[in-house]
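Encoded as C-alpha cells, the structure appears first; notes follow it.
All heavy atoms count here, side chains included; hydrogens, waters and symmetry mates do not.
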Amino acid sequence: SMYDYVTPCDGDRWRVVICNEYETKLLFTPLQGQMRVDATWRQVRADSIVIELTPDGETDTGDFAMEEFTVVEQSREHPTAADALSAVEREYQAWLDSMPRLPERYAAAGREAAHINWSCMVAPSGSITRPAVYMSKGRMVSIWSWDNCFNAVALAPGQPALAWDQFMIMVDHQDASGAFPDLVNDRLISWSFCKPPIQGWMLKRMTSIQQMLSRERVEEAYAPLCRWTDWWFTHRDDDSDGVPQYNHGNESGWDNSTVFSTLPPIESPDLSAWLVLQMETLAEMAERLGRDDEAVAWATRSRQLLTRMLNHFWQGDHFVARTSGSHEVIESDSLLLYMPIILGKRLPEEVQTALVAGIKADRGFLTEFGPATERLSSPHLTADGYWRGPIWGAPTLLLVDGLRDLGEARLADGISRRFCDMVVESGIAENYDPFTGQGLRERAFTWTASAFLILARELPSANNGNADNRE
C-alpha cells in the first residue's frame with residue numbers, strides 16, 4: 001500500500017513498515033542462516049518486499065524472529081523456535097485447563113471456543129489498559145461495552161482476574177458524565193453510540209462464583225456502576241417520563257431490529273428491564289458495603305421502574321415499544337421485546353405466562369437451531385438479516401436465563417441444546433441462519449464462543465457428575 005517501506009537495522013536486522021490503518025511495524029532478525037531483502041522502490045513506497053532466509057550451510061537450519069513494535073524496536077534475547085513453541089504450548093494448556101469440562105458431545109466445540117477466546121487476547125497497548133479479549137481477529141478487532149460482559153461471565157470460573165479486567169477496561173475509560181464507550185481498541189475509543197446496561201446482570205451472574213466478587217472488587221465497581229446507571233436517566237430520557245430511551249438501534253445492541261424501523265429516540269422495554277436488574281444489583285452491592293441508605297434507595301428505584309415499565313409497555317398479552325415524547329405505540333415482531341423475560345419471577349404471573357407462550361407459539365421464534373431474532377411469521381424476517389432473523393448467542397443465553405428463573409427448565413434446556421448442537425455442526429460464527437443453522441458473518445467470534453461455553457456448561461448433563469461445572 002502507499003508508503004510501505006523496508007530499512008536495515010543494526011546490519012543484519014530489517015524493519016518493515018506497513019502503513020495501513022493499523023500502522024504495522026515488523027522487525028525481522030535472522031537467528032540461524034542469512035537473511036536477504038529485496039525491495040523494488042517507487043518514489044514513496046516499495047512495490048514489493050521479499051525477505052529470503054538461506055539456511056546455515058553447516059547445519060542446514062534456518063531460523064528467524066519476527067516481532068511487532070510500535071515506535072522503536074528493542075534488542076532482546078530470542079528463544080529458539082522449538083523453545084518458543086514449547087512456551088506457548090504450556091501457556092495454552094494452562095488456558096485449556098482453566099476452561100469448564102463439557103459433556104462429551106460438546107467437548108470438541110468447547111476446545112474450539114476456548115481457542116478462539118485465547119487467540120483473540122491482546123496485551124495492554126494504547127487505549128487497551130488491561131489484557132483484553134477482542135470480539136475477533138477478523139473484522140471486529142475491538143471490544144464493545146456489552147459483548148465484553150458475556151466474555152467476562154464465561155471466563156470468570158477459571159480466569160477470574162481476566163474476567164474482571166474485561167469489565168474494568170470500560171471503567172478505565174468512563175466519561176465524567178457516567179457513560180461507557182461504545183467500543184475500545186488500541187487506537188480508538190468510540191463514543192458514537194453506547195451499549196445497553198447489562199453490567200448488573202453480569203455481576204449477578206458472577207456472585208455464584210466463589211471468591212469472584214471480593215469486597216475490594218465490589219468497592220471498585222460500585223461508584224462507576226452508579227454513574228453509569230444514573231447516566232441513562234440523565235442523558236437518555238428526553239421527555240423526562242422516567243423511562244430511558246435508545247437514540248439508535250446500535251445502542252440496544254440489536255442494531256437493525258424492527259423495533260427501530262421508526263425514527264428514534266425509542267423507549268424499549270428491554271432497556272428498562274436491564275436498569276431494573278442493575279439497580280437491584282446496586283442495592284445488593286451497597287448493602288454489602290454497609291451503605292444502608294443507598295441500598296434502600298436503589299431497591300426502591302428498581303421496584304418503581306419495574307412498575308413504570310409494566311404500565312408503559314405491557315399491552316395485556318405482549319410488550320410494545322414507544323416513541324419517546326409522543327409515546328406512540330411501536331408494534332414489532334422482534335425478539336427484543338421478549339428480553340424483559342430476563343426479569344424472571346419479578347414479573348407478574350400473567351406477564352410470565354404470556355411471554356413463555358409467545359416464545360413457544362407455532363411460528364413464534366423457535367427453530368430447530370434456537371431462537372430467531374425476528375418472529376418466523378414476520379414479513380421482515382431475513383435469513384441473513386443481522387438482527388432481523390439470525391440466531392445469536394447472547395440473546396439465546398439471556399432467554400435461557402429468564403426461562404430458568406421462571407421455572408421453565410425443560411424449555412430452557414431444549415433451547416440450550418439446540419443452540420449448542422448447531423455450534424457443533426456449524427462452528428463459532430457471529431450469528432446463524434435460522435432455517436439452516438449455517439454460520440454467518442464473522443466466522444470466529446468470541447461473543448458466540450463465550451455464550452456456547454456458558455450454555456453447554458450449565459446444561460444438566462454438565463452438572464450430574466460427567467463434567468466439572470467449576471462454579
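E219 places no side-chain N or O within donor-acceptor distance of the main-chain N or O of R215, the cut-off being under 3.5 Å. The backbone N or O of W447 sits nowhere less than 3.5 Å from a side-chain atom of S450 that would complete a donor-acceptor pair. For S208 (side chain) and R205 (main-chain N/O), a donor-acceptor pair under 3.5 Å exists by modelled atom type. Without hydrogens or angle criteria, S334 side chain to L337 main chain gives no donor-acceptor distance under 3.5 Å. Although no hydrogens or angles enter the test, the distance criterion places no donor-acceptor pair under 3.5 Å between the side chain of E374 and the main chain of R388.
A salt bridge links D413 with R404: the distance from a Lys NZ or Arg NE/NH1/NH2 to an Asp or Glu carboxylate oxygen falls below 4.0 Å. Between E280 and R303 there is no salt bridge, since none of the side-chain N atoms of the basic residue sits less than 4.0 Å from a carboxylate O of the acidic one. Between R227 and D175 there is no salt bridge, since no side-chain nitrogen of the basic residue lies less than 4.0 Å from a carboxylate oxygen of the acidic one.
Aromatic ring pairs are classed by plane angle as parallel below 30°, tilted from 30° to 60° and perpendicular above 60°; the pair W201 and F150 is tilted. Ring geometry for F319 against W314 counts as perpendicular: the plane angle is over 60°, on a 0 to 90° scale with 30° as the lower cut. The aromatic rings of W231 and W228 lie parallel to each other, their planes meeting at an angle below 30°, with 60° marking the opposite boundary.
Summarising the geometry of I169 relative to P131, their closest heavy-atom pair is CD1-O, 3.9 Å, with the distance given to 0.1 Å. Heavy-atom minimum distance, Y432 versus A429: OH-N, 3.0 Å. The minimum heavy-atom distance linking L282 with Y222 is given by the pair O-CE1, 3.6 Å.
Heavy-atom neighbours of D293 CG from other residues, nucleotides or ligands within 6.0 Å: at or below the threshold of 12. Under a cut-off of 6.0 angstrom, the local environment of CZ in R410 is sparse, with at most 12 non-hydrogen atoms contributed by other residues, nucleotides or ligands.
Y92 has its ring centre less than 6.0 Å from the ring centre of H115.
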